[in-house]
Amino acid sequence: MENKHEPIELKIAPGGIAVLWMSHPPVNTLNQELRDALFSNLQSLEKDKNVQAIILTAKNNMFSAGADIKEFQSGFKGASLEDIQNALEQSKKITIAAIHKAALGGGLEIALACHYRVADPIATFTLPEVTLGIIPGAGGTQRLPRLIGIQKALEMIVSGRPLSAKKGKEYGLIDELFKDRLIENAIEFATKLLKKAKSAIRKTCDMNVKLKNQSVQSLEKGIQNEVNKIARKVGFIAPKSCVESVLNTIDLSFKDGIAHERDLFFKAVLSAESQALQHVFFSQRKACKPIDINYGNTASFHHVGIVGGGLMGGGIAMTVINAGIPVTLIETSEEKLEKSFANIKKNYEISVKNGRFTSKEVVERLSMINGSVDFGDLRYCDLVIEAVYEDIELKKAIFQKLNTVCAPNTILASNTSGLDINELAKEVDRKEKVLGLHFFSPANVTKLLEVVKTDKTSDHVINTVLAFAKAIKKNAVVVGVCPGFVGNRMIFKYVDRAYELALKGIKPHLVDEVIQGFGFPMGPFAMMDLTGLDLGWKNTLEADDLRDVMCMHDRLGQKNGKGFYDYKDHRKGVPSDEANQLIQEFARIKQIEPCQFDDSQVQTQLLLALINEGFKILEEGIVKRPSDIDVIYVYGYGWPAYKGGPMYYAQKLGLHKVLEQLSELKDKHGDFWTPAPLLEHLVETKMRLKDWVMDHSRN
Ligand code: 3H9
């Protein structure tokens, strides 16, 4: 008979010290089963006269990932987090949370209700609710400021960023750090507390918030930048609600503050932003589990080779060594290697300046890259990533070389942003070990990784590379081969429409402003300037589009200080008279008549260009799920996460409405707007995208 898994394990140590282990794999989310078991154990321990102290800890290599996000939709039933917190905080026994690895959200909030907290020095503490469009709803906004002060609590809660154990101890969140034997040390800690003459019970809810001569206005002002950064220009309520609730600790009693926090929490859970962010959370985790792959063993990674030390190759090298995997970087000459290392060092210096790494960490990382001009040095690599410029013949020659120098098991990947990887696979014997790994610039920062499966890539290779993506902290999405794959294929259409709008008389900076108003960090013209207008430009004598026009007039983007914008200081572009004149001149040559479009028409055209292509990509099976496209756009192209991604947005808008708008645009502005057949089919059959995927994956 199978043993029933118990969500709580209990042991009583000598001296009446009870140790409660939460055990809900994989990450101890506080779902109803765990909450009920925890609450009933706490009630029994309270009644047990032999028990003097309670240590709350957890199994599965993690304290707790917080509330179960799935219950946001179904509603919370059974014992609440508040019941558990009251049991811990009001207990007559000493309660201690012993935290290893991480305590997030509700997980940290129950620890805050304990009388003491001890932790492993590698542990982190996070209230990430804002990243889900909500606020901490189990007392986090009321207890954290009481423990670490209002300003630090505001910074943690509004940003959703983790706090290290070292800082936690410094700020007073953690009482003791224990490098080894966390539980044994926690028991010893409890024993010492029990020996104190005076009761050691210390309730967070009874603490006063310390204001340190700060006014509410100065606190509000201090956090405004962070709020603006997260909320961008649009009405995203969570960061503002976090501020409101934390500041309530100044004027409201603990009880009233909790009641107010609960109201704000439930309002936020129901908001459109939170629904979209929850969709993104689960979509990202689903994306790395492709529908059409047989899961199995994965190979391990001891050494990675990178061919090409330019902007992309250098960024990829940084990403890999940051994960502790050594890299061999190949260039064609010693000078190029030197240049590449100088760029990598410069990027790390910026990270040191903004506090991401210490100088010591950077030295350690740099010692993990070995530069070489000899392809033979790649022979021991488990994976080689080619990252040279976009020239299929050059890439083919490199793959032929790799085929001869690399061990037969080495996986060969190309970082091409859209070339045909099936063609590259033809150059080697190990066709099943060839695939695309499309990183996005800056590769050491952007989270997205398109994993491009060719006709022959084996499932084992895909599984291995997905494990690699997780190790280097990238959000992977498996896609098929087509020009531009998913992300760029869609962005080509969007940029094409942006050019069309400019040719019809809407100035580039006005187009950009509209799309920033939607929540993108930058518009299509600023994006093209940043990427470099000459990327992939075939130096022709006749211009096909506005990119050609700009390049022909040596306007290459940020890199030479002029593109669609003029760049006086390095990054901040100002509208350019010269670029605007060139656009007008080209419109005249092409006989394009000016048109009046208001902001909402501009926004609709740009977003529909993306969405319509998304439907075509889905129908062709280049990705299997609409949510995979959402993940690509949120993590690779700056689509505002609180709007869920283009396909989620289309479904929310109503597919019939999307079809109607596309048909109208087609009538007025031509065939570019022909609706994708899949969209027509869904509207005709009144089927939701989600249901089509289920139907489709069954075939
Ligand atoms: C909260 O606490 C609200 C309270 O203030 C108030 C309540 C009243 N819920 O990411 P992984 C699943 S809000 C449901 O691959 P990792 C995840 O979907 C919560 N499911 O592992 C995946 O499932 P599957 C605040 C969750 O090691 C599996 O667990 N907390 C949750 O790379 C493994 O996850 C957060 O926002 C959850 N809370 O990363 C933390 N967490 O295997 C969100 C995970 O079916 N979680 N799952 O695909 C994380 O940031 C990461 O999962 C974590 C582990 C860092 C914990």
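Order of listing sets the numbers, starting from 1, for every ligand and every atom in it.
The nearest heavy-atom contact from the protein to atom 38 (N) of ligand 1 is Ala67 O, 2.9 Å. Phe72 CZ, 3.7 Å is the protein heavy atom nearest to atom 13 (S) of ligand 1. Atom 28 (C) of ligand 1 has as its closest protein heavy atom Pro26 CG, 3.7 Å. Protein heavy atom closest to atom 14 (C) of ligand 1, with residue, atom name and distance, is Asp68 OD1, 3.2 Å. Counting only heavy atoms of the protein, atom 2 (O) of ligand 1 lies nearest to Gly106 N, 2.8 Å. If you check which protein heavy atom lies closest to atom 53 (C) of ligand 1, you get Met62 CE, 4.5 Å. In terms of protein heavy-atom proximity, atom 29 (O) of ligand 1 is nearest to Val27 CG2, 3.7 Å.
No side-chain heavy atom of Leu177 sits less than 4.5 Å from a side-chain heavy atom of Val118. Proximity of Tyr649 to Phe518: side-chain heavy atoms (C-beta onward) are separated by under 4.5 Å at one or more points.
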For this session: Start with the C-alpha distance between Phe301 and His303, add both sets of side-chain angles, then the distance that settles ring-ring contact (aromatic ring centres under 6.0 Å, His included), and finish with yes or no.
Result: CA-CA 6 Å; Phe301 286 94; His303 207 110; over 10 Å; no
For this session: Kindly indicate, with the supporting measurements, whether the criterion side-chain contact (heavy atoms from CB on, under 4.5 Å) is fulfilled by Val246 and Ile157.
Result: CA-CA 9 Å; Val246 170; Ile157 294 172; 3.7 Å; yes
For this session: Begin with the C-alpha distance, continue with both residues' side-chain angles, and end with the deciding distance and a verdict on salt bridge (charged side-chain N to carboxylate O under 4.0 Å, His left out) for Asp68 and Arg35.
Result: CA-CA 11 Å; Asp68 187 334; Arg35 287 195 309 272; over 6 Å; no
For this session: For side-chain contact (heavy atoms from CB on, under 4.5 Å), just list the numbers for Val304 and Asp382, CA-CA rounded to whole Å, side-chain angles, deciding distance to a tenth of an Å, and then say yes or no.
Result: CA-CA 6 Å; Val304 169; Asp382 310 292; over 6 Å; no
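To the nearest 0.5 Å, atoms CG (Asn28) and CG (Asn60) are separated by 4.5 Å.
Considering both main-chain and side-chain atoms, Gly137 comes within under 3.5 Å of ligand 1 through a nitrogen or oxygen pair. In terms of polar-atom proximity, Arg285 is counted as a contact of ligand 1, with an N or O under 3.5 Å from an N or O of the ligand. Residue Leu132 has no N or O atom closer than 3.5 Å to an N or O atom of ligand 1.
Considering only non-hydrogen atoms, atom 3 (C) of ligand 1 lies nearest to Glu129 out of Gln278, Glu129, Glu261. Between the choices Ala65, Ala103, Gly160, the shortest heavy-atom distance to atom 41 (N) of ligand 1 belongs to Ala65. The residue among Phe265, Phe63, Phe281 with a heavy atom at the shortest distance from atom 43 (C) of ligand 1 is Phe281.
Between His438 and Phe440, the ring-plane angle classifies as tilted under the 30° and 60° cut-offs.
Applying the 4.0 Å criterion to heavy atoms of Pro136 picks out, from ligand 1, the atoms 5 (O). Using a 4.0 Å cut-off to heavy atoms of Gly105, the atoms of ligand 1 that qualify are 2 (O), 25 (C). Listed by number with element, the atoms of ligand 1 under 4.0 angstrom from any heavy atom of Pro128 are 25 (C), 30 (N), 35 (C), 36 (O). Using a 4.0 Å cut-off to heavy atoms of Glu109, the atoms of ligand 1 that qualify are 4 (C), 5 (O), 6 (C).
Across every non-hydrogen atom of Ile99 and Ala111, the tightest pair is CD1-CB, 3.9 Å.
Note on Glu82 versus Arg262: salt bridge recorded, some NZ/NE/NH1/NH2 to OD/OE distance being below 4.0 Å. Between Lys77 and Glu71 there is no salt bridge, since no side-chain nitrogen of the basic residue lies less than 4.0 Å from a carboxylate oxygen of the acidic one. A salt bridge links Arg202 with Asp175: the closest approach of a Lys/Arg side-chain nitrogen to an acidic carboxylate oxygen falls below 4.0 angstrom.
Side-chain contact of Asn208 with Arg146: a donor-acceptor pair under 3.5 Å is absent, judged by distance alone. Between Gln142 and Thr249, the side chains place no donor N or O within less than 3.5 Å of an acceptor N or O (distance only, hydrogens not considered).
In Ile69, the parts holding a heavy atom less than 4.0 Å from any atom of ligand 1 are both the side chain and the backbone. Under 4.0 angstrom from ligand 1, there are no non-hydrogen atoms of Phe266. Contacts with ligand 1 closer than 4.0 Å are made by side-chain heavy atoms of Thr29 only, the backbone lying farther away. The part of Lys289 lying near ligand 1 is the side chain, judged by heavy-atom distances below 4.0 Å.
Distances from atom 5 (O) of ligand 1 to the protein include at least one heavy-atom value under 4.0 Å. For atom 23 (O) of ligand 1, the nearest protein heavy atom lies 4.0 Å away or farther. Within a 4.0 Å radius of atom 55 (C) of ligand 1, the protein contributes no non-hydrogen atoms.
Taking the six-membered ring for Trp and the full ring otherwise, Phe281 and His279 have centroids separated by 6.0 Å or more.
Not close to ligand 1: Gly140, with no non-hydrogen atom less than 4.0 angstrom away. The shortest heavy-atom distance from Lys470 to ligand 1 is under 4.0 Å.
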